[in-house]
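So the structure is just underneath, and the comments pick up after that.
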Amino acid sequence: MLLSTTDEEVVAAAEALADELAAVQAESTSVEFESILIQCNDAISEETGIEYGDACDAGGSC
C-alpha cells in the first residue's frame with residue numbers, strides 16, 4: 001500500500017508509468033492498449049484499495 005511512500009515517490013512512479021504506457025501505446029493496436037490499461041487499473045486498485053474507475057467517475061475526469 002502507498003501509505004508509507006512519499007508524495008514525490010508516488011509522482012515519480014506515476015510519471016514512469018505514463019512514459020511506459022506512451023511507449024506501449026505507440027507499438028500497440030487500440031484493442032491491445034485498452035487491455036493493458038484495464039490491467040493497469042486493476043493493479044492500481046489492488047495495490048491502493050481504491051477502485052480506480054470509481055474514483056475517476058466521481059471527479060469527472062482521469
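Here the structure is a predicted model, which is why all the values come from computation and not from measurement.
- Here CG of N41 is found 12.0 Å from CD1 of I36. Values are rounded to the nearest 0.5 Å.
- I38 and I44 fall into different hydrophobic clusters, defined by Ile, Leu, Val, Met, Phe, Trp and Tyr side-chain heavy atoms under 4.5 Å apart, directly or through other members.
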All N/O donor-acceptor pairs, side-chain side in residues 20-33, below 3.5 Å, sequence neighbours left out:
| residue | atom | partner | partner atom | Å |
| --- | --- | --- | --- | --- |
| S28 | OG | V24 | O | 2.7 |
| T29 | OG1 | E32 | N | 3.1 |
| T29 | OG1 | E32 | OE1 | 3.4 |
| E32 | OE1 | T29 | N | 2.9 |

